[in-house]
J.: 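The structure's right below; bear with me while I get my questions together.
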Amino acid sequence: NLISTSLNSSDSLSYDLQAWQKGYLSQPHEYDYWIDDIEGEIPPELEGTLYRNGPGLLEINGQAFRHPFDGDGMISAIRFTNGRAHYCNRFVRTQGYVEEQKAGKILYRGVFGTQKPGGWLANFMDLRIKNIANTQVIYWAGKLLALWEAAQPYRLDPHTLETIGIDDLDGILEPGDGFAAHVRIDPNCEENGGEPCLVNFSIKPKLSTLITIYEISSQGKLLKKQVHSVPGFAFIHDFAITPNYCIFFQNPVKFNPIPYLLGFSGAGECIKFQPKDPTKIIVIPRNSGKIKYFETSSGFVFHHANAYEAQDRIIVDSICYESLPEVRPNDDYRETDFSRLDPGQLWRFSLDLTTGKVEKNRIESRCCEFPALHPNLMGRPYRYLYLGAAHSPQGNAPLQAILKLDLNTQQRQLWSAAPEGFVSEPVFVPRKNAIAEDDGWLLTVVYDSHHHRSDIVILDGRDLTQGAIARLHLKHHIPYGLHGTFVTP
Ligand code: 3ON
Ligand code: FE
């Protein structure tokens with residue numbers, strides 16, 4: 001039976017690898033125009049700007065970066081106003097981007113294996129970091145910030161996307177501090193008089209790992225900062241919050257920095273998944289109380305969907321991979337054999353605060369990533385989750401569809417852009433004055449490999465099955481991106 005399902009799924013691949021690969025071509029140009037090639041209609045009540053971040057350049061002068069996560073951050077802004085939409089993109093003028101563009105060659109090593117030309121000797125002991133500002137873009141306390149977890153944010157002009165410069169959040173961050181790309185906004189922070197507040201962290205991984213948690217008001221004031229040392233090396237990309245806790249997953253990995261130090265590989269390539277070791281879950285109270293540690297069976301988590309408190313439990317929903325494959329020296333990400341890799345799947349972890357036990361249940365086995373939900377339910381019980389997902393219910397494949405999950409009824413809806421389309425992270429925008437949790441729009445960028453261009457697609461959050469409300473055809477493509485946010489005026 002297993003054999004026949006795997007045969008069936010490879011017989012009917014929903015995508016063509018060459019078509020998928022083209023979405024990883026660089027986009028070196030910067031544009032500024034009103035979008036007028038539109039199918040359907042932009043809802044006139046949709047007012048605001050969708051900001052997206054992701055690698056815009058995947059090479060310099062023909063010297064390819066080793067991994068897309070090493071690509072230079074490029075911000076796209078899609079402004080919706082009066083039923084129209086405007087597109088603009090700009091590279092973040094990071095110090096590294098400016099220097100490398102001027103030099104016309106790679107000057108910095110990347111965390112995910114990009115090396116300077118000239119072999120290992122040219123890279124030996126070069127431990128400088130190129131802040132590529134490529135992972136997320138947020139608007140907080142009047143600042144538009146491009147984030148990359150290993151360094152400080154870059155600030156941009158929210159209208160022109162011009163780079164203003166590196167930003168220490170008015171002194172909150174110290175030189176050398178990172179700032180994670182997965183900022184969480186607590187919509188209703190009790191300690192802040194019921195106002196929203198930004199919660200984020202940074203890590204300094206060594207033999208033990210320092211986790212710093214920041215809570216920042218919408219005026220940009222530091223409300224709280226706590227620093228904790230947790231045992232062991234930790235690579236933590238994302239976290240989850242509830243009104244009373246911050247939750248971190250410490251994936252079972254070992255870090256051997258020698259190949260990095262010697263100039264053979266990037267720091268990220270020196271992380272080795274340990275399938276026999278447990279995943280540790282670190283729960284840090286936001287206000288008072290002691291850190292709690294939990295353990296569950298092995299798995300690798302980049303992204304969390306949401307978390308909430310339920311009596312004496314904390315529920316955490318996360319995208320979990322059974323294993324993280326080793327990158328082999330000659331592997332080329334553009335030749336990814338999806339069938340060799342484990343799919344990301346949605347799991348629900350239930351942490352019992354009294355017994356210290358963890359229950360773990362798979363909610364969705366379809367390959368998925370990039371969870372999104374109603375922003376007011378961050379850290380609260382919630383019903384609807386949206387994700388980028390594979391077209392096929394089984395196996396690992398590129399994201400080609402948007403999946404809606406009703407966590408109460410287990411009902412699912414799927415909107416698919418297969419075979420020629422490849423989706424990015426969906427962003428949920430609630431309709432003004434809406435009551436229902438799913439009353440709003442989902443915005444996503446879809447790479448249309450047939451026309452080699454990207455579309456901005458607007459879906460109705462209540463019903464994905466009715467198809468796109470509007471498909472805005474850009475004049476060009478946006479390389480596969482990472483994260484983004486919607487900012488209402
Ligand atoms: O030594 C440490 C190890 C390490 C790897 C220290 C460190 C903090 C410098 C570090 C750096 C980590 C960085 C810079 C991580 C950046 C991650 C990034 C840019 C993206 C991660 C994306 C994750 C996922 C799951 C993306 C999925 C995408 C798709 C399914 C579709 O394309
Ligand atoms: Fe991420």
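Counting starts at 1 for both ligands and their atoms, in listed order. In this text, all values refer to a predicted model and were calculated from it rather than measured experimentally.
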J.: Ligand 1 versus Ile203, non-hydrogen atoms closer than 4.0 Å: side chain, backbone, both, neither?
T.: neither

J.: What pairs of residues pass the salt bridge (charged side-chain N to carboxylate O under 4.0 Å, His left out) test when at least one of them lies in residues 259-284, not counting sequence neighbours?
T.: Arg66-Glu269

J.: For this output row, return yes or no: ring centroids of Tyr87 and His476 closer than 6.0 angstrom.
T.: yes

J.: As an exercise, identify every atom of ligand 1 less than 4.0 angstrom from a heavy atom of Thr135.
T.: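 Numbered from 1, ligand 1 contributes 19 (C).
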
J.: Looking at side-chain heavy atoms only, is the closest gap between Glu215 and Leu198 below 4.5 Å?
T.: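 Answer no - side chains too far apart.
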
J.: Less than 4.0 Å between atom 12 (C) of ligand 1 and some protein heavy atom, yes or no?
T.: yes

J.: Could you tell me which atoms of ligand 1, counted from 1 in the order shown, lie closer than 4.0 angstrom to a heavy atom of Pro205?
T.: 2 (C), 6 (C)

J.: Applying a heavy-atom cut-off of 4.0 Å, say which part of Tyr480 lies close to ligand 1: side chain, backbone, both or neither.
T.: neither

J.: Given the side-chain rings of Trp20 and Phe338, with only the six-membered ring counted for Trp, is the space between their centroids under 6.0 Å?
T.: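 Ring centres of Phe338 and Trp20 closer than 6.0 Å.
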
J.: Considering non-hydrogen atoms of the protein only, which is the closest contact for atom 1 (O) of ligand 1, and what is the distance?
T.: Phe255 CZ, 3.9 Å

J.: Please work out the angle at the Fe ion (ligand 2) defined by atom NE2 of His182 on one side and atom NE2 of His483 on the other, rounded to 10°.
T.: 90°

J.: Numbering the atoms of ligand 1 from 1, which are under 4.0 Å from a heavy atom of Glu369?
T.: 25 (C), 30 (C)

J.: For a quick check under 3.5 Å, do His303 and His483 share a side-chain donor-acceptor pair by atom type?
T.: yes

J.: For Lys116 and Asp126: C-alpha separation, side-chain torsions, deciding distance, then whether salt bridge (charged side-chain N to carboxylate O under 4.0 Å, His left out) applies.
T.: CA-CA 10 Å; Lys116 296 183 287 180; Asp126 181 353; 2.6 Å; yes

J.: Decide if the gap between the ring center of Tyr51 and the ring center of Tyr139 is smaller than 6.0 angstrom.
T.: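 So the answer is no for these two rings.
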
J.: Check whether any side-chain heavy atom of Leu107 lies under 4.5 Å from a side-chain heavy atom of Lys130, and answer yes or no.
T.: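 No, their side chains stay 4.5 Å or more apart.
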
J.: Looking at atom 31 (C) of ligand 1, what's its closest protein heavy atom, distance included?
T.: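 Atom 31 (C) of ligand 1 sits closest to the protein heavy atom Phe370 CE1, 4.0 Å.
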
J.: Counting only heavy atoms, tell me which of Ala181, Cys270, Ala150, Gly23 gets closest to atom 8 (C) of ligand 1.
T.: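 Ranked by closest heavy atom to atom 8 (C) of ligand 1, first place is Ala150.
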
J.: With sequence neighbours left out, which residue pairs that include part of residues 245-261 fulfil the side chain to side chain donor-acceptor pair (under 3.5 Å) condition?
T.: none

J.: Using a 4.0 Å cut-off to any heavy atom of Val111, which atoms of ligand 1 qualify?
T.: 5 (C), 11 (C)

J.: Distance only, no hydrogens: is a donor on one side chain within 3.5 Å (strictly under) of an acceptor on the other, for Thr114 and Asp70?
T.: yes

J.: For ligand 1, is any non-hydrogen atom under 4.0 Å from Tyr24's backbone (N, CA, C, O), its side chain (CB onward), both, or neither?
T.: side chain

J.: For Trp148, take its heavy atoms, then give the atoms of ligand 1 lying under 4.0 Å from any of them.
T.: 14 (C)

J.: Answer yes or no: is there an ion pair linking Glu174 with Lys225, defined by an N-O contact shorter than 4.0 Å?
T.: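 Answer for the salt bridge query: yes.
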
J.: Would you say Phe235 touches ligand 1, if touching means a heavy atom closer than 4.0 Å?
T.: yes

J.: Using heavy atoms and a 4.0 Å limit, tell me yes or no: is His303 in contact with ligand 1?
T.: yes

J.: Specify the protein heavy atom at minimum distance from atom 22 (C) of ligand 1: its residue, its atom name, and the distance to 0.1 Å.
T.: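 For this ligand atom, the closest protein heavy atom is Phe69 CZ, 3.3 Å.
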
J.: With heavy-atom distances below 4.0 Å as the criterion, list the atoms of ligand 1 near Asn134.
T.: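 This gives 19 (C) as the contact atoms.
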
